[in-house]
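Notes to accompany the following structure.
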Amino acid sequence: MNDPLGDMLTRIRNAQMRGKSTTITPASKLRRWVLEVLADEGYIRGFEETTDKNGHPAIEISLKYYEGTPVIRELQRVSKPGRRVYLGKDDIPQVRQGLGVSIVTTSRGVMSDANARAQGVGGEVLCTVF
């Protein structure tokens, strides 16, 4: 697999299109950090460390719906393995004029765009959520 984070985002999109309450993805530190930001911003209910049917570590993601529609309307990967996107603190864009969130990996960890601006750090823009 070339893009593990992109795979996780696609699993979330596919599960929401099917109306599933949970989805499972292989475990990694980066995925866990991104899910922590999604949970803190209120886009998912939460996540839990489990194992898959083969005994490998996995993460079970509890998706969030409001009146039957998914809370996450748009989930896009920005920085890809073939094209990395690094931005300074002043250049990190607002998603939908502040209604959405960019997830940024910085020297101080993975955080939302608002937290990165508040701490005065830039970094790699992983994805945007609306």
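- Within 6.0 Å of CG on Asp91 lie more than 12 heavy atoms contributed by other residues, nucleotides or ligands.
- Residues Val101 and Tyr43 meet the side-chain proximity criterion, which asks for heavy atoms closer than 4.5 Å.
- For the atom pair Ser102 OG and Gln76 CD, the distance stands at 10.5 Å (nearest 0.5 Å).
- Looking at Leu38 and Ile103, their side chains come closer than 4.5 Å, going by heavy atoms from C-beta outward.
- Proximity of Lys20 to Arg11: side-chain heavy atoms (C-beta onward) are nowhere separated by under 4.5 Å.
- Residues Ile12 and Leu63 form a side-chain contact, since some pair of their non-hydrogen atoms from C-beta on lies under 4.5 Å apart.
- Residue Arg73 places its CZ atom among 12 or fewer non-hydrogen atoms of other residues, nucleotides or ligands, all under 6.0 Å distant.
- Counting heavy atoms from C-beta outward, Ile61 and Met8 have side chains that approach closer than 4.5 Å.
- In this structure, Arg18 places its CZ atom where only 12 or fewer heavy-atom neighbours from other residues, nucleotides or ligands lie under 6.0 Å away.
- Here the SG atom belonging to Cys127 is positioned 6.0 Å from the CG atom belonging to Leu5, to the nearest 0.5 angstrom.
- In terms of heavy-atom proximity, Thr106 sits nearest to Gly109 at OG1-O, 2.8 Å.
- Residue Arg31 holds its CZ atom at 7.5 Å from CD1 of Ile59, rounded to the nearest 0.5 Å.
- Considering only heavy atoms from C-beta on, Pro26 stays 4.5 Å or farther from His56 through its side chain.
- Between Arg77 and the options Asp3, Thr128, Thr10, a side-chain hydrogen bond (donor to acceptor under 3.5 Å, both in side chains) holds for only Asp3.
- The hydrophobic cluster containing Leu126 does not contain Val121, counting ILVMFWY residues as joined when their side-chain heavy atoms lie under 4.5 angstrom apart, directly or transitively.
- Between Arg45 and Ser21, every side-chain heavy-atom pair lies at or beyond the 4.5 Å cut-off.
- With a 4.5 Å cut-off on side-chain heavy atoms, Arg117 and Val104 do not count as touching.
- Linking ILVMFWY residues whenever their side-chain heavy atoms come closer than 4.5 Å, directly or via other members, leaves Val78 and Leu9 in distinct clusters.
- Interatomic distance, CE of Met111 versus CD of Glu41, reported as 12.0 Å (0.5 Å rounding).
- Under the 3.5 Å distance criterion, with hydrogens and angles disregarded, a donor-acceptor pair is assigned to the side chains of Glu124 and Ser79.
- Placement of Trp33 and Ile44 within a single hydrophobic cluster is found when ILVMFWY residues are connected by side-chain heavy-atom separations under 4.5 Å, directly or transitively.
- When hydrophobic clusters are built by joining Ile, Leu, Val, Met, Phe, Trp and Tyr residues whose side-chain heavy atoms come closer than 4.5 Å, directly or via intermediates, Tyr65 is grouped together with Leu75.
- Closest non-hydrogen pair, Ala15 versus Thr23, comes out as CB-CB, 3.8 Å.
- Looking at every heavy atom in both residues, Val95 comes nearest to Val129 through CG1-O, 3.9 Å.
- Residues Ala116 and Ile92 approach most closely at CB-CD1, 4.0 Å, considering heavy atoms.
- Thr51 contributes atom OG1, which lies 9.0 Å from atom CD1 of Ile24 (distance to the nearest 0.5 angstrom).
- A continuous path of ILVMFWY side-chain contacts below 4.5 Å connects Phe47 to Leu30, so both sit in one hydrophobic cluster.
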